[in-house]
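The structure appears below as structure tokens.
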Amino acid sequence: MEKIDTKKYLPFNCISPNLLKNPDFPDFPFLSGTGFFCYFPPYEYIFYVTAKHCLLKDSEIEIYEYLKVPYSNESFEEPPLAVVFSEYFGGKDEENLNGYEDILVFVVDNNVNKGELKILKKRAVALSHQDDVDEVITKLCNVNGNIRTIGFSQPSNINEENNKSTLSEHEHTSITDVGNKKKLIMRPRSFYGKIKNNSTFEHRYGFEETNWRDEEYRGFSGSPVISLVCEPHIYGGISMRIIGIMLTATKSRGEFLSINIATNFISGFINRELSLSSSN
């Protein structure tokens, strides 16, 4: 049987590193996990989803001030051309009013210029209906199915004195000198594993038996968790579904949250906007 190259089905363009401005090293951003751009068809609002624990969370002002999500996920020069967000929401699990979920959903400002909005529309990946996601997850759990994630690994060899790093054999992110400027080189990585319905928390699932060979995951919090679904009636026979958001990981086990939690927040935002439009 011919081996399928699954990487060509993975939406590498939708992901971005969470770049945070470091007050102690203003010339260098630092990485804190991964996020991804998405939309909920047929609506054209664009959102950026990540894990809440990746970001500074003492106050709303700090998140807006320090989070710098670049329009391009290939390279980054200081100062950054950062995506403009109009608001964010998340954290609260509306199905469990006593609990909180480890996610944030940012809304891309519709007032950004058309060129920048066009870039993000090409990068954003479509979210499936919640019932479809539940069906895919249930089937995967029943067959011990494969799942995948894509993200940006965080360099482990940054010198604390000058915040510089070099690109080692196993690391795909570095800060280098280009002329008289500093450039952050970012290369996305992917790995796969088995889904496990063994979490002690609602809406969460295990990510185990992976093919990751490095010591630590470093930087994959907030990454999209992906299922490749066989659908013979479509071209290529395989479709891609975002089913979750990576939250935690150790060398032996990761855990992700169902994307439906983020989709619920997004649906609430869209309903609010439609209601406001109809009342004007």
Side-chain angles (χ1 to χ4, degrees), residues 10-11 14-15 18 32-38 40 47-55 57 88-106 125-154 189-212 216-229 240-269:
L10 300 179
C14 79
I15 61 173
N18 292 328
S32 184
T34 299
F36 58 97
F37 292 100
C38 60
F40 190 42
F47 305 91
Y48 183 74
V49 178
T50 189
K52 185 179 180 182
H53 74 263
C54 293
L55 306 178
K57 48 189 176 292
Y88 69 90
F89 39 87
K92 192 75 173 178
D93 176 6
E94 298 299 337
E95 296 181 7
N96 176 12
L97 297 181
N98 294 319
Y100 290 81
E101 292 292 5
D102 186 12
I103 60 169
L104 286 175
V105 180
F106 291 80
V125 64
L127 298 181
S128 300
H129 192 277
Q130 290 96 321
D131 290 343
D132 294 335
V133 171
D134 284 338
E135 182 179 354
V136 170
I137 289 177
T138 298
K139 288 182 178 179
L140 286 170
C141 289
N142 288 340
V143 300
N144 195 33
N146 283 344
I147 51 177
R148 293 161 174 81
T149 192
I150 50 179
F152 292 90
S153 59
Q154 182 174 322
R189 305 185 69 178
S190 67
F191 61 93
Y192 68 87
K194 298 288 185 180
I195 191 171
K196 302 291 181 180
N197 189 11
N198 59 4
S199 175
T200 58
F201 298 96
E202 284 190 292
H203 315 302
R204 296 193 188 189
Y205 301 87
F207 195 130
E208 302 181 11
E209 301 176 36
T210 75
N211 68 334
W212 185 260
E216 299 179 22
Y217 291 94
R218 295 181 64 89
F220 280 93
S221 290
S223 297
V225 177
I226 298 161
S227 169
L228 298 180
V229 181
M240 183 279 304
R241 305 280 181 88
I242 303 293
I243 62 169
I245 306 144
M246 201 75 171
L247 296 185
T248 60
T250 64
K251 189 176 180 180
S252 60
R253 185 179 189 278
E255 191 159 294
F256 72 91
L257 178 70
S258 169
I259 190 63
N260 282 347
I261 302 302
T263 307
N264 289 341
F265 288 129
I266 289 170
S267 298
F269 167 83

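Nothing here was measured: the structure is a model prediction, and the numbers come from that model.
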4.5 Å side-chain heavy-atom contact, D102 and R204: yes
I243 and L140, any side-chain heavy atoms less than 4.5 Å apart: yes
Stepwise side chain to side chain contact (heavy atoms under 4.5 Å, CB included) check, Y88 with L55: CA-CA 12 Å; Y88 69 90; L55 306 178; over 6 Å; no
Point-to-point distance, once rounded to the nearest 0.5 Å, from [atom1] of [X] to [atom2] of [Y]:
X: T149; Y: F36; atom1: OG1; atom2: CZ; result: 9.0 Å
X: R241; Y: E135; atom1: CZ; atom2: CD; result: 8.0 Å
X: S190; Y: N211; atom1: OG; atom2: CG; result: 7.5 Å
X: I261; Y: H203; atom1: CD1; atom2: NE2; result: 4.0 Å
X: I259; Y: N264; atom1: CD1; atom2: CG; result: 10.0 Å
X: F47; Y: F265; atom1: CZ; atom2: CZ; result: 12.5 Å

Side-chain (T210) to main-chain (Y192) donor-acceptor, under 3.5 angstrom: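 No; zero donor-acceptor contacts below 3.5 Å.
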For [X] versus [Y], what's the shortest heavy-atom pair and its separation?
X: I147; Y: G206; value: CD1-O, 4.2 Å
X: F40; Y: I266; value: CB-CG2, 4.0 Å
X: S128; Y: T263; value: O-CG2, 4.4 Å
X: I137; Y: S258; value: CD1-OG, 4.1 Å
X: P11; Y: M240; value: CG-CE, 3.9 Å
X: T34; Y: G151; value: OG1-CA, 3.7 Å

side-chain contact (heavy atoms from CB on, under 4.5 Å) against K194, all qualifying residues, sequence neighbours excluded: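 In terms of side-chain contact (heavy atoms from CB on, under 4.5 Å), with neighbours along the sequence ignored, K194 is linked to N144, N146, K196, E209.
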Between side-chain atoms of residues 221-229 and protein atoms elsewhere (two or more places apart, or another chain), which donor-acceptor pairs fall under 3.5 Å?
unit_1 : atom_1 : unit_2 : atom_2 : d
S221   : OG     : H53    : NE2    : 3.1
S221   : OG     : L247   : O      : 3.1
S223   : OG     : I150   : O      : 3.2
S223   : OG     : F220   : O      : 2.8

Residues C38, I242; criterion side chain to side chain contact (heavy atoms under 4.5 Å, CB included); working and verdict: CA-CA 10 Å; C38 60; I242 303 293; over 6 Å; no
Plane angle bin for F207 and F256 - parallel if under 30°, tilted between 30 and 60°, otherwise perpendicular: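 Correct class here is perpendicular.
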